[in-house]
Amino acid sequence: VRLKSNQEQAVEEARQELIHLTSNAATRLSAWRALTADAVARKQHPAAEEWGQKLKEQPGVVFADHLLDLEACQETDRSAATLKQVESLARSNAGTAAEMIAWMNRHDLATEAIAWSRELNPTVADTQPVPMAVSESFSCRRDWAGLRDFVAGKNWGNLDSLRLAVASHAARRLNNSAAPSMESQAMWRSALKSAQVQSDQLAVVARLSEGWGYRDQAEEAWWAIANGDDNPKAALNALQQLYKEKRDTYGLLRVAKRAHELNPDDLIAANNSASLALLVKNDAMAHRVAEKLYLEHPRNAAFAVTYAFALHTEGKTGEGLKIMGKLRADQLRVPAVAAYYVVMLVENGEVERARQFLNAAKKARLLPEEERLLVSATKRLI
């Protein structure tokens, strides 16, 4: 209770400081913006409405401030009138129009957003990012036929890869089968081919696919970047996250190998390649890499564990445990390290010592191959 009170006191002190800053012309706009955003986040409706109105009256307001005021007055009688006012302001250019449509999509007004977009000047309506925002409106409504018709026969210029990706998405959703239809696959191939010409768009196509739940397509798009020369590291980071979520050991191994290929001096990538290869196959190269890394960096705990496990897979568990024994007690109780330690201790017949590290090992987030090793070892402790 005292902690909660202290937190509330700190929040109130910060709020009062912001209110004080509204008296200074140099900080007034930023202060009202922060106060309004905070009140909206805390669902303090009266304060949000009051401060939102003051915010939009300040010199230098931008369109996002009007959207913040619109957010602030959602629970009030002036919400409908404010929405009309903001819609009127949004019509002036494609950027603000797209922001307006995106806001409406987030507030369950996708149907209204589509209708509003049809009233825009054609020059604005046909300029990105408006078409992309309207596509999202159709997706929010799950109107796949409408989405297909919206993008069919259009040309989004140098962003046409995105239109083709959207068309593939619509075709895939219209297909009753769990697998993508021939039409959807053809559209996807065209989208990928078009995006590779505009390499910066591959990442956008990949993120769109992730957002739609098409991990197979996202993976393909990310690898197209990872295997190229234009920012492959960002793609590898995305792939690593994807494979971690899937607990895909082979995928992670592929990422580690590509990372090491891109930078042979990346010792972490080298160790990851070795440790993952040891999990999935008896890889002689992985043994050599593990040994080299450990001998050159004997104080690195991760390298020590990899080398110890390499020795274990060669039937030299006792030698591996000697390597592990050089680690500090706190390092041995790191869950991922403890899991390997338990497996090796059990194999070496040191059952009682293995039990001392079992609780720590059970907290580890393991890959399927690691999990099977630990489960097998745990059964031998019963």
Side-chain angles (χ1 to χ4, degrees), residues 192 195-203 205-207 210 215-216 218-316 319-320 322-324 326-328 331 334-337 339-341 344 364-370 373:
L192 207 58
Q196 285 173 325
V197 176
Q198 302 282 339
S199 59
D200 58 321
Q201 289 179 31
L202 275 170
V205 169
R207 292 190 187 98
E210 285 183 343
R215 291 198 171 191
D216 54 339
E219 182 180 341
E220 187 177 9
W222 285 126
W223 273 117
I225 303 172
N227 288 327
D229 299 322
D230 188 6
N231 201 18
K233 187 175 180 180
L236 288 174
N237 289 338
L239 285 163
Q240 185 175 53
Q241 184 60 37
L242 187 153
Y243 291 134
K244 278 184 178 180
E245 291 174 1
K246 291 170 63 177
R247 299 203 312 154
D248 183 338
T249 309
Y250 285 93
L252 288 169
L253 174 58
R254 187 181 172 191
V255 168
K257 284 184 173 180
R258 176 57 177 157
H260 192 226
E261 180 182 299
L262 287 168
N263 181 8
D265 295 327
D266 186 343
L267 301 185
I268 301 300
N271 184 65
N272 287 344
S273 296
S275 63
L276 291 164
L278 290 167
L279 277 175
V280 298
K281 56 185 176 180
N282 189 14
D283 190 314
M285 176 62 75
H287 286 262
R288 290 195 292 271
V289 170
E291 181 179 17
K292 183 175 185 292
L293 286 172
Y294 174 70
L295 292 177
E296 292 178 356
H297 306 276
R299 295 185 180 181
N300 186 298
F303 298 171
V305 174
T306 300
Y307 181 46
F309 185 64
L311 291 168
H312 168 71
T313 61
E314 291 179 321
K316 303 175 183 177
E319 292 182 38
K322 289 180 182 178
I323 300 295
M324 296 283 278
K326 296 177 182 179
L327 297 177
R328 300 190 310 271
Q331 291 176 316
V334 171
V337 176
Y340 280 89
Y341 197 36
M344 294 170 64
R365 296 181 63 184
L366 303 175
L367 293 166
E369 293 80 1
E370 294 171 322
L373 288 172

- Message: Could you walk me through whether Val305 and Gln331 satisfy the side chain to side chain contact (heavy atoms under 4.5 Å, CB included) test, starting with their C-alpha distance in whole Å, then the side-chain angles of each, then the deciding distance to 0.1 Å, before giving a yes or no?
- Response: CA-CA 10 Å; Val305 174; Gln331 291 176 316; over 6 Å; no
Let me confirm one number: the [atom1]-[atom2] distance from [X] to [Y], rounded to the nearest 0.5 Å.
X: Leu278; Y: Tyr307; atom1: CG; atom2: OH; answer: 11.5 Å
X: Thr313; Y: Leu279; atom1: OG1; atom2: CG; answer: 9.5 Å
X: Arg247; Y: Leu366; atom1: CZ; atom2: CG; answer: 8.0 Å
X: Arg299; Y: Arg328; atom1: CZ; atom2: CZ; answer: 10.5 Å
X: Lys292; Y: Asn271; atom1: NZ; atom2: CG; answer: 12.5 Å
X: Leu236; Y: Ile225; atom1: CG; atom2: CD1; answer: 10.0 Å

Which pair of heavy atoms, one from [X] and one from [Y], lies closest together, and at what distance?
X: Leu367; Y: Thr249; answer: CB-OG1, 3.6 Å
X: Ala290; Y: Thr306; answer: CB-CG2, 3.8 Å
X: Pro298; Y: Leu295; answer: CD-O, 3.7 Å
X: Phe303; Y: Leu293; answer: CD1-O, 3.8 Å
X: Ala256; Y: Leu276; answer: CB-CD1, 4.4 Å
X: Tyr294; Y: Ala304; answer: CD1-CA, 3.7 Å

Quick one, [X] and [Y] - any side-chain contact, counting heavy atoms below 4.5 Å?
X: Gln241; Y: Glu210; value: no
X: Asn272; Y: Val255; value: no
X: Arg215; Y: Glu245; value: yes
X: Arg254; Y: Trp223; value: yes
X: Lys233; Y: Asn237; value: yes
X: Val337; Y: Met324; value: yes
X: Val289; Y: Ser273; value: no

- Might you work through the side chain to side chain contact (heavy atoms under 4.5 Å, CB included) test for Trp222 and Arg207, ending with a clear yes or no? CA-CA 9 Å; Trp222 285 126; Arg207 292 190 187 98; 4.0 Å; yes
- side-chain contact (heavy atoms from CB on, under 4.5 Å) filter on Asp229, not counting sequence neighbours, yields none
- Item | side-chain contact (heavy atoms from CB on, under 4.5 Å) partners for Ala277, two or more places apart |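 Listed in chain order: Leu253, Asp283, Ala286.
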- side chain to side chain contact (heavy atoms under 4.5 Å, CB included) between Asn300 and Leu267, worked out: CA-CA 11 Å; Asn300 186 298; Leu267 301 185; over 6 Å; no
- Message: Check Glu261 with Arg258, please: is the shortest side-chain N to carboxylate O separation under 4.0 Å?
- Response: yes
- Message: Quick check on Arg365: does its CZ atom have over 12 non-hydrogen neighbours (other residues, nucleotides or ligands) under 6.0 Å away?
- Response: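 At most 12 heavy atoms, drawn from other residues, nucleotides or ligands, come within 6.0 Å of this atom.
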- Query: Would the number of heavy atoms belonging to other residues, nucleotides or ligands and lying under 6.0 Å from NZ of Lys244 be above 12?
  - Reply: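 Counting other residues, nucleotides and ligands, NZ of Lys244 stays at 12 neighbours or fewer.
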